[in-house]
Amino acid sequence: MTARILDGNALSAKLRSELAAQAAELTARGVQPGLAVILVGDNAASAVYVRNKVAACEKAGIRSLKFDYPQDAQPAAVLAKIAELNADPAVHGILVQLPLPPRFDEKVVLEAISVDKDVDGFHAENVGRLSQGQPAFFPCTPHGVMKILEYGDIPVTGSDAVVVGRSNIVGKPMAMLLTQAGATVTVCHSKTRDLAAHTRRADILVVAMGRALAIGAEMIKPGATVIDVGMNRFPDGHPQAGKLCGDVDFDAAKAVAGAITPVPGGVGPMTITMLLANTVESARRAAEGGR
Ligand code: GUN
């Protein structure tokens with residue numbers, strides 16, 4: 001069997017053109033969606049992610065504001081900027097790129113963002129709302145995965161889903177969204193005793209370990225849907241050394257899986273797409289006078 005490829009680039013292009021139309025409609029009503037992005041420090045990967053987010057906003061007709069702070073910035077300065085953006089009616093979304101430099105308390109910074117502008121879905125109140133099945137801004141990467149499953153016609157209700165990784169950004173909210181959608185969910189992590197025993201049972205396997213090629217074909221149930229959230233480089237000595245790869249050994253896995261996301265071009269573009277979606281949704285709420 002060769003797995004069906006779940007193409008995140010194609011789905012992103014479709015959804016982003018719909019979002020651009022919605023942004024244009026809101027702009028015509030006098031409410032152009034606006035996203036403020038805060039980048040602190042000199043993490044090279046973060047700088048690339050932020051650049052991509054800003055470019056995607058521009059392309060969709062969303063106004064973007066970018067604020068850069070040096071590695072030795074004072075937390076108080078960033079918190080003051082967040083307070084200013086919370087009060088600015090032209091700003092509908094505020095995103096602080098993670099990770100922050102070590103002197104920052106990430107929790108304090110994330111909680112400073114107004115719940116109504118928390119388009120990353122990282123504020124404790126949005127996390128609580130998600131866990132209770134209330135309307136909330138969902139974190140962008142797991143939300144993007146749910147869209148891939150939806151548009152890929154992958155049945156979630158009643159499925160056995162296994163999530164590998166328990167981060168606040170991906171693993172935990174992913175497990176909550178899958179649970180909400182009716183899957184029976186197992187969360188595995190670095191302390192899991194027999195990872196393969198769990199992954200081999202999964203109808204839907206979502207991998208967010210951050211370790212290149214950690215999931216081989218022998219860890220996948222034949223016909224399963226495999227969603228690879230990893231973004232790594234092939235290791236030295238590998239024929240494709242230096243090129244991007246996921247946490248799943250794609251070439252081996254695609255012979256066993258029923259459907260699979262590639263890296264790049266799978267989950268990655270969907271993260272930004274869902275950020276745009278949350279920002280447009282926030283602007284729509286503002287345009288309708290309620291939040
Ligand atoms: N760092 C890694 N992923 C993300 C994300 O989705 N949002 C933010 N703000 N920072 C991140």
Side-chain angles (χ1 to χ4, degrees), residues 8 12 15 34-57 62 64-69 71 73 75 78-79 81-82 85-86 91-102 104-115 117-127 130 136-148 163 165-177 206-211 227-232 244 246-247 261 263-264 266-279 281-282:
S12 278
L15 296 178
L35 174 70
V37 181
I38 296 176
L39 174 63
V40 188
D42 43 24
N43 182 311
S46 289
V48 173
Y49 292 141
V50 163
R51 207 178 322 125
N52 290 342
K53 289 173 183 179
V54 167
C57 281
I62 295 171
S64 67
L65 305 166
K66 182 166 174 281
F67 302 95
D68 285 303
Y69 291 86
Q71 184 74 19
V78 174
L79 291 170
K81 176 54 73 180
I82 291 172
L85 295 167
N86 280 342
V91 171
H92 306 101
I94 302 170
L95 176 153
V96 177
Q97 187 65 27
L98 303 178
L100 287 165
F104 281 76
D105 183 341
E106 224 159 73
K107 193 156 43 68
V108 169
V109 173
L110 295 178
E111 308 288 273
I113 297 170
S114 163
V115 177
K117 299 190 180 187
D118 173 37
V119 287
D120 252 334
F122 293 163
H123 191 292
E125 188 172 327
N126 273 319
V127 177
L130 166 58
F137 287 124
F138 301 147
C140 300
T141 299
H143 195 185
V145 171
M146 296 308 291
K147 288 284 174 199
I148 290 174
V163 178
R166 57 173 162 175
S167 71
N168 290 337
I169 292 181
V170 182
K172 286 185 210 162
M174 187 77 253
M176 286 196 279
L177 285 167
V206 182
V207 188
M209 302 167 74
R211 204 144 58 76
I227 305 285
D228 191 349
V229 183
M231 180 62 77
N232 318 288
L244 288 178
D247 292 351
T261 58
V263 176
V267 175
M270 290 301 293
T271 295
I272 296 186
T273 300
M274 300 325 293
L275 173 67
L276 304 181
N278 282 349
T279 304
E281 168 63 16
S282 181

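Just so it is clear, the structure is predicted and the values come from calculations on it, not from any experiment. First listed ligand is number 1; within each ligand, the first listed atom is number 1.
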### Query
Is there a donor-acceptor contact under 3.5 Å from the side chain of N278 to the main chain of F137?
no
### Query
What is the nearest protein non-hydrogen atom to atom 11 (C) of ligand 1, stated with its residue, atom name and distance?
Q97 NE2, 3.4 Å
### Query
Taking distance alone, with no angle check, do P99 and ligand 1 share an N/O pair under 3.5 Å?
no
### Message
I need the nearest protein heavy-atom contact for atom 10 (N) of ligand 1: residue, atom name and distance, please.
### Response
L98 N, 3.0 Å
### Query
With backbone taken as N, CA, C and O and side chain as the heavy atoms from C-beta onward, which portion of Y49 lies under 4.0 Å from ligand 1: side chain, backbone, both, or neither?
neither
### Query
Side chain, backbone, both or neither: which part of M274 comes within less than 4.0 Å of ligand 1 when only heavy atoms are counted?
neither
#### Entry: Donor-acceptor under 3.5 Å (K81 side chain, I38 main chain)
no
#### Entry: Test item, H143 contacting ligand 1 (heavy atom, 4.0 angstrom)
no
### Query
Between S12 and P269, is there a donor-acceptor pair closer than 3.5 Å when you use the side chain of the first and the backbone of the second?
yes
### Task
Hey, could you give me the CG/CZ distance between N232 and R211, rounded to the nearest 0.5 Å?
10.0 Å
### Message
For ligand 1, which is the ligand I care about here, please tell me if V96 has any N or O atom under 3.5 Å from one of the ligand's N or O atoms.
### Response
yes
### Shortest protein heavy-atom distance from atom 8 (C) of ligand 1, along with the residue and atom involved
D120 OD2, 3.3 Å
### Query
For D228, does its backbone N or O pair with a side-chain atom of T261 as donor and acceptor, under 3.5 Å?
yes
#### Entry: Inter-residue atom distance E125.CD - I113.CD1, 0.5 Å rounding
13.5 Å
